[in-house]
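One structure below.
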Amino acid sequence: MAQKPGIPKGTRDFSPVEMAKRNYLFNTIKTSFQKFGFAQIETPSFENLSTLMGKYGEEGDRLIFKILNSGDYLKKADQTLLNDKNSTKLTSSISEKALRYDLTVPFARYVVQHNNDITFPFKRYQIQPVWRADRPQKGRFREFFQCDADVVGSKSLFQEVEFIQLYDEVFSNLGLNSVAIKINNRKILAGVADVANIADLLIDMTVALDKLDKIGEEKVKEEMREKGISDDAISVIQPLFELDGTNAEKLEKLGVMLAPSEVGTKGVEELNIVIKAVEELGLRNADLELDVTLARGLNYYTGAIFEVQARDVKMGSIGGGGRYDDLTGIFGLNDMSGVGISFGLDRIYLVLDELNLFPDSKNEGVQVMFVNFGDAEAMYCLKAVRTLRENGINAELYPDSAKMKKQMNYANKKGIPYVVLVGAEEMEANEVTVKNMLTGDQNKIALNDLKSFKI
RNA sequence: GUGGUUGUAGCUCAGUUGGUUAGAGUGCCUGAUUGUGGUUCAGGAGGUCGCCGGUUCGAGACCGGUCUUCCACCCCA
């Protein structure tokens with residue numbers, strides 16, 4: 001019995017129409033990456049499990065797709081762990097490879113491994129699929145593409161400024177004019193924890209704080225209390241809930257609040273430099289918003305944190321990034337600061353689709369189709385097809401001498417704008433009949449004139 | 001990983017308290033029209049009702065499991 005075909009949960013096939021749109025997206029982003037001086041690299045789709053584990057937190061470890069060892073993996077497994085049925089501990093015993101979870105950690109691995117061949121600061125971009133064993137939702141897949149641009153080997157805050165401009169450039173070029181680039185700094189969050197005397201609860205505090213616009217002030221405080229943050233500490237944090245005004249005004253208030261904290265003050269300084277520079281240089285469309293509740297992002301961020309949100313569309317973030325001072329440190333290369341951003345290609349696709357922002361892709365498909373009346377006519381047509389192709393026009397001959405209606409229907413469905421008809425009459429006169437499928441008009445053109453035929 | 005939701009023709013969806021042979025629109029194929037598509041008309045094909053099991057004289061409908069879809073958590077692009 002034939003088995004019903006299907007693909008795993010959270011994965012997708014891409015049709016020709018979808019690929020045309022996806023390629024448009026890829027190309028727009030690539031063009032901007034190159035314009036900003038980034039060079040492309042690729043890394044394997046799977047890495048050593050040890051390279052990935054422990055880099056994304058406990059939750060991340062769980063979401064990594066592990067690859068079973070080849071051969072009789074159970075025989076080689078640790079018998080004690082096997083008997084205990086402890087999946088977490090057993091994993092390293094039966095799996096030593098895993099699909100990549102993002103592009104940043106493989107990049108860090110790449111930098112350390114090719115350290116001697118790289119000229120720093122190293123600016124690379126990478127567009128490849130990543131995999132997460134997550135439960136799918138809208139705009140959330142188990143296989144999806146990330147488009148990353150990162151710089152390593154420079155601590156300059158001008159890099160942050162450039163990345164904000166890069167975001168603005170890409171989204172403007174895509175016609176997505178209503179985006180918010182949210183920015184925060186890990187040092188500010190550390191400073192807040194510092195002045196509230198809860199440095200050990202920094203992560204719990206930021207996770208709760210991050211939910212502010214979703215669940216509201218009271219519920220955030222509730223969660224903080226549950227995590228063991230005292231009411232005293234919460235009252236110190238209180239000003240964060242009331243932070244409003246322009247970016248500059250927010251920074252001023254933060255400066256006062258965090259004055260007792262060295263790291264907090266540094267965070268305010270850094271944000272000040274970046275925001276001022278961006279404001280002086282100006283952005284085409286995007287808005288830069290200081291958002292102190294922005295806490296997400298991976299465990300390895302140490303400075304700036306970015307997140308991009310599309311307004312007018314209900315969708316998770318369409319981009320994110322930040323600075324990580326010590327990412328290569330875990331692979332043995334210290335003092336190598338990096339900063340980077342990521343574009344969520346699949347989500348941007350959904351947003352553009354919803355807002356109808358994809359341009360018509362007329363010139364990608366076949367522009368001229370030749371109707372096939374038989375072998376003799378077909379040979380005559382193939383010569384004309386070659387002439388048109390040399391002329392830079394996408395042309396094809398219908399392969400079979402099927403019924404006229406079928407051939408015309410094919411051209412119509414594929415949205416081919418011109419159909420050429422060649423029968424005995426045209427062959428005799430060294431002509432072709434060109435029909436405009438939109439208007440229905442048709443006229444005869446000399447074979448020789450196809451060299452200069454214009455769509 | 002937790003809780004909920006969805007699945008009927010290629011697609012979008014009807015289908016009454018469980019009752020004979022499961023419908024519509026659209027798309028597809030054929031013809032009207034043997035060198036003219038998109039409009040019109042006539043005809044035709046297409047379904048293990050997601051899958052497995054159970055209850056029942058009888059299940060598309062009820063129950064359990066499983067897969068899938070979407071949603072809320074968690075987390076994230």
Side-chain angles (χ1 to χ4, degrees), chain A residues 1-12 15 56-64 87-88 101-104 127-148 167 203 206-208 210-211 214-215 219 223 294-299 305-310 314-322 340-351 369-374 377 398 401-427 432-442:
Chain A
M1 195 178 112
Q3 99 177 51
K4 226 178 200 172
I7 53 175
K9 190 198 293 198
T11 64
R12 295 148 301 155
S15 68
Y56 311 101
E58 205 177 311
E59 180 74 7
D61 285 353
R62 195 170 61 75
L63 295 177
I64 293 172
S87 308
T88 318
Y101 178 88
D102 74 350
L103 300 179
T104 308
I127 302 178
Q128 288 188 276
V130 303
W131 294 269
R132 296 183 187 179
D134 212 351
R135 193 175 284 208
Q137 280 180 37
K138 184 184 179 186
R140 187 170 197 177
F141 308 98
R142 299 212 290 187
E143 178 185 60
F144 62 97
F145 275 74
Q146 283 193 334
C147 309
D148 278 27
Y167 265 140
I203 299 286
T206 54
V207 168
D210 187 47
K211 297 176 185 165
K214 210 168 186 177
I215 62 176
K219 295 231 164 146
E223 183 170 328
L294 176 61
R296 339 181 80 168
L298 304 156
N299 298 354
I305 313 170
F306 305 111
E307 182 169 299
V308 184
Q309 209 90 44
K314 197 169 178 267
M315 179 70 65
S317 60
I318 55 176
I341 59 173
S342 180
F343 290 81
L345 182 107
D346 299 87
R347 286 187 177 175
I348 296 170
Y349 180 101
L350 291 173
V351 170
M369 188 203 82
F370 285 67
V371 173
N372 187 330
F373 283 111
E377 291 89 344
Y398 193 88
S401 75
K403 283 186 180 146
M404 186 74 164
K405 181 175 174 124
K406 194 175 169 100
Q407 300 193 39
M408 294 297 283
N409 228 325
Y410 171 86
N412 198 47
K413 289 253 172 63
K414 277 184 73 174
I416 298 171
Y418 291 95
V419 164
V420 171
L421 299 114
V422 174
E425 199 186 308
E426 284 89 349
M427 285 172 73
V432 298
T433 296
V434 178
K435 180 185 174 88
N436 181 325
M437 292 295 278
L438 213 63
T439 61
D441 297 341
Q442 60 186 64

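Note that the structure is a prediction, hence the values are computed from the model and not measured.
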Out of [options], which nucleotide sits closest to the side chain of [X]?
| X | options | answer |
| --- | --- | --- |
| R132(A) | G35(B), C76(B), G37(B) | C76(B) |
| K214(A) | G35(B), C73(B), A77(B) | C73(B) |
| K413(A) | A77(B), G35(B), C28(B) | C28(B) |
| K9(A) | G37(B), A77(B), U69(B) | U69(B) |
| R347(A) | A77(B), G37(B), U36(B) | A77(B) |
| K405(A) | A77(B), G35(B), A32(B) | A32(B) |
| R135(A) | G37(B), G3(B), C74(B) | G3(B) |
| Q137(A) | C76(B), C74(B), G37(B) | C74(B) |
| M408(A) | G27(B), G37(B), G35(B) | G37(B) |

(request) Kindly say whether, by distance alone, the side chain of E58(A) makes a donor-acceptor pair under 3.5 Å with the base of G1(B)? (result)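 A donor-acceptor contact between them is absent.
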
(request) To the nearest 0.5 angstrom, please state how far the CD1 atom of I64(A) sits from the CH2 atom of W131(A). (result)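 Reported to 0.5 Å precision, the distance equals 13.0 Å.
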
(request) With rounding to the nearest 0.5 Å, note down the distance linking CG in L421(A) to NZ in K435(A). (result)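 With rounding to 0.5 Å, CG (L421(A)) is 8.0 Å from NZ (K435(A)).
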
Short question: side chain of [X], backbone of [Y] - any donor-acceptor pair under 3.5 Å?
| X | Y | result |
| --- | --- | --- |
| E426(A) | G423(A) | yes |
| R142(A) | K9(A) | yes |
| Q146(A) | V130(A) | no |
| D134(A) | P136(A) | no |

Can you tell me, in whole Å, how much space there is between the [atom1] of [N] and that of [M]?
| N | M | atom1 | value |
| --- | --- | --- | --- |
| U39(B) | U34(B) | C1' | 22 Å |
| G54(B) | A72(B) | P | 37 Å |
| C67(B) | G31(B) | P | 47 Å |
| G15(B) | C73(B) | C1' | 35 Å |
| C52(B) | U17(B) | C1' | 28 Å |
| A45(B) | U40(B) | P | 22 Å |
| G27(B) | C41(B) | P | 12 Å |
| C71(B) | G7(B) | P | 16 Å |

Please classify the nucleic acid contact of [X] as base, sugar-phosphate, or nothing, using heavy-atom distances under 4.0 Å.
| X | result |
| --- | --- |
| L438(A) | base |
| I318(A) | sugar-phosphate |
| F141(A) | base |
| G57(A) | nothing |
| E377(A) | nothing |
| A133(A) | nothing |
| G319(A) | sugar-phosphate |
| G10(A) | sugar-phosphate |
| V371(A) | nothing |
| K211(A) | sugar-phosphate |

Take atom [atom1] of [X] and atom [atom2] of [N], then tell me their distance rounded to the nearest Å.
| X | N | atom1 | atom2 | value |
| --- | --- | --- | --- | --- |
| I215(A) | C73(B) | CD1 | P | 9 Å |
| E223(A) | C73(B) | CD | C1' | 11 Å |
| D61(A) | G1(B) | CG | P | 15 Å |
| Q407(A) | G35(B) | CD | P | 10 Å |
| L350(A) | C70(B) | CG | C1' | 13 Å |
| E59(A) | C73(B) | CD | P | 15 Å |
| K138(A) | U68(B) | NZ | P | 21 Å |
| M437(A) | G35(B) | CE | P | 16 Å |

Any-strand Watson-Crick or G-U partner of [N], both distances under 3.5 Å:
| N | answer |
| --- | --- |
| G25(B) | C11(B) |
| A42(B) | U30(B) |
| U16(B) | none |
| C62(B) | G54(B) |

(message) Tell me whether F343(A) and A77(B) count as stacked here, given that the ring centres must be under 5.5 Å apart and the planes must differ by less than 30 degrees.
(response)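 Not stacked: fails the 5.5 Å / 30° test.
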
(request) Compute whether any side-chain donor of one residue and acceptor of the other, for Y410(A) and K414(A), lie under 3.5 angstrom apart. (result)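 Looking only at side-chain atoms, K414(A) and Y410(A) do form a donor-acceptor pair, the distance falling under 3.5 Å.
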
(request) Verify the contact: side-chain N or O of K403(A) to OP1 or OP2 of G35(B), cut-off strictly under 4.0 Å; return yes or no. (result)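 Answer is no, no contact under 4.0 Å.
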
(request) Please identify each residue that fulfils salt bridge (charged side-chain N to carboxylate O under 4.0 Å, His left out) with R135(A), with sequence neighbours left out. (result)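 Partners of R135(A) under the salt bridge (charged side-chain N to carboxylate O under 4.0 Å, His left out) test: none.
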
(request) Evaluate the salt bridge (charged side-chain N to carboxylate O under 4.0 Å, His left out) criterion for residues D102(A) and R132(A): first the C-alpha distance (whole Å), next the side-chain angles of each, then the deciding distance (0.1 Å), finally the verdict. (result) CA-CA 9 Å; D102(A) 74 350; R132(A) 296 183 187 179; 5.3 Å; no

(request) Identify, between D346(A) and N412(A), the residue whose nearest nucleotide on RNA chain B lies closer to the 5' end. (result)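 Checking each residue's closest nucleotide, the 5'-ward one belongs to N412(A).
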
